[in-house]
A.B. asks: 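First the structure, then my questions, so here it is.
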Amino acid sequence: MNRVLLAGATGYLGGFILKELLQQGFEVKALVRNLKKIVLNNQASLKLCEVEVTNPESIVGCCDDVEVVISTIGITKQKDGLSYMDVDFQANLNLLQEAQRAGVSQFIYVSALNAEKLQHLSICKAKELFVEKLKASGLRFCIIRPNGFFSDMTEFLTMAQKGRVYLFAKGQFKTNPIHGADLAKVCVGAIESQDKEIEVGGPEIFTHEQIARIAFTSVKKTPKIIYIPEWLRVIVIRLLQSLTKPTFHGPVEFFMTVMAMDMVAPKYGNKTLKAFFDELNLEEKGKVTH
Ligand SMILES: NC(=O)c1ccc[n+]([C@@H]2O[C@H](COP(=O)([O-])OP(=O)(O)OC[C@H]3O[C@@H](n4cnc5c(N)ncnc54)[C@H](OP(=O)(O)O)[C@@H]3O)[C@@H](O)[C@H]2O)c1
């Protein structure tokens, strides 16, 4: 069985990939920068290495006994003062160069759905610059291009809990978000696949308005939806771009762009958004009662 190096195991998707790899019997080496964030740390087939992937010296030798590298490293909500170019591009490039040096046979990288078409956004630019390096590396590679994760759909539930959901245009853009566990199966499956790029979405396609209504059903509140006009969305993006630092407006411009277009990918998995919302809602209620 291959030994897999996983970078990003402390994140939402990386956590599910780690679980899936261990369940399928892989030997895993996980690179983390904070050991306390790893949940599955007492497994015989898991080796943890505390490193800083942004510092190439810190990862020298990390790929020496490894056949496959999977990286989900990227900035989402981290507030380290680093840019997408520092992390999504350079940290992954540091890892790629180490993988090349060690003669790793395959590198699987998680980018984002449509990132190659949205390179005017700083997050997509950094990811796709890394994709170019990966394609030119000579290593066997697979680029996973997932749609939005269920973890990001919690914003709908939070708004519904507060009584109002805000949507762009008429809420008619379509998407098929995916649960981390379903996506992890695709990422691990890429080890055996010959595909070089895999676009991945969840099993159900919704309009944003349908997602809002599922969230309201889950919190048992009467739907109240506020529609934000297109001109306001454009002004807000421009203002944020000129008045705030890239570390602040980067995630917002990405979110406000993908929420104003259809984002639909081939369907995978079986986990439903309604079940995810219901589970989260029960957890929230549990926290309030206890
Ligand atoms: N969320 C979505 O809807 C979505 C959709 C499409 C694609 N993606 C992409 O999929 C990937 C995984 O997303 P996710 O939601 O699982 O993100 P996440 O939970 O934030 O996990 C990101 C991982 O990257 C690591 N990381 C971030 N900055 C780092 C740094 N400076 N040095 C070392 N490690 C660093 C994090 O480590 P720490 O835990 O130590 O911070 C974490 O392990 C990301 O590249 C994201 O852009 C996400």
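All figures in this text were calculated on a predicted structure; none of them were measured in a lab. For ligands, and for the atoms within them, numbers begin at 1 and follow the listed sequence.
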A.B. asks: For Glu209 versus Leu167, what's the shortest heavy-atom pair and its separation?
C.D. replies: CA-CD1, 3.6 Å
A.B. asks: For atom 21 (O) of ligand 1, what is the closest protein heavy atom, and at what distance to 0.1 Å?
C.D. replies: Gly11 CA, 3.3 Å
A.B. asks: Less than 4.0 Å is my threshold; does some heavy atom of Ala91 fall inside it relative to ligand 1?
C.D. replies: no
A.B. asks: Classify the ring geometry between His179 and Tyr12 as parallel (under 30°), tilted (30 to 60°) or perpendicular (over 60°).
C.D. replies: tilted
A.B. asks: For atom 6 (C) of ligand 1, what is the nearest protein heavy atom, given as residue, atom name and distance?
C.D. replies: Pro146 O, 3.5 Å
A.B. asks: Would you please test Glu67 and Arg140 for salt bridge (charged side-chain N to carboxylate O under 4.0 Å, His left out) and show each step?
C.D. replies: CA-CA 11 Å; Glu67 282 156 72; Arg140 186 174 148 228; over 6 Å; no
A.B. asks: Mind checking whether Phe150 and Phe276 have parallel, tilted or perpendicular rings, split at 30° and 60°?
C.D. replies: tilted
A.B. asks: Determine, for Tyr84 and Lys127, whether the Lys NZ or Arg CZ falls below 6.0 Å from the six-membered ring centre while staying within 45 degrees of the axis.
C.D. replies: no
A.B. asks: Heavy atom to atom 20 (O) of ligand 1, shortest distance: which of Asp152, Thr76, Asn34, Leu95 holds it?
C.D. replies: Thr76
A.B. asks: Under 4.0 angstrom from ligand 1, any heavy atom of Ser111?
C.D. replies: yes
A.B. asks: Nearest heavy atom to atom 12 (C) of ligand 1: which of Thr10, Val110, Thr72 does it belong to?
C.D. replies: Thr72
A.B. asks: Are Asn147 and ligand 1 in contact, using a heavy-atom cut-off of under 4.0 Å?
C.D. replies: yes
A.B. asks: Who gets closest to atom 25 (C) of ligand 1 by heavy atom: Ile75, Ile73, Leu31?
C.D. replies: Ile73
A.B. asks: Does Lys221 make a cation-pi contact with Phe216 (under 6.0 Å, within 45 degrees of the axis)?
C.D. replies: no
A.B. asks: Among protein heavy atoms, which lies nearest atom 41 (O) of ligand 1, and at what distance?
C.D. replies: Arg33 NH2, 2.9 Å
A.B. asks: Does any donor atom in the side chain of Glu128 or Ser111 lie under 3.5 Å from an acceptor atom in the other side chain?
C.D. replies: yes
A.B. asks: Pick whichever of Phe150, Phe149, Phe16 has a heavy atom sitting closest to atom 1 (N) of ligand 1.
C.D. replies: Phe149
A.B. asks: Evaluate Gln78 for polar contact with ligand 1, using N/O atom pairs at a separation under 3.5 Å.
C.D. replies: yes
A.B. asks: Does Val53 reach ligand 1, in the sense of a heavy atom lying below 4.0 Å from it?
C.D. replies: no
A.B. asks: Any nitrogen or oxygen of Gly8, side chain or backbone, less than 3.5 Å from one on ligand 1?
C.D. replies: yes
A.B. asks: Of Lys36, Lys77, Lys127, which has the heavy atom at the shortest distance from atom 46 (C) of ligand 1?
C.D. replies: Lys127
A.B. asks: I need the minimum non-hydrogen distance between Ser71 and Leu95, along with the two atoms involved.
C.D. replies: CB-CD2, 4.1 Å
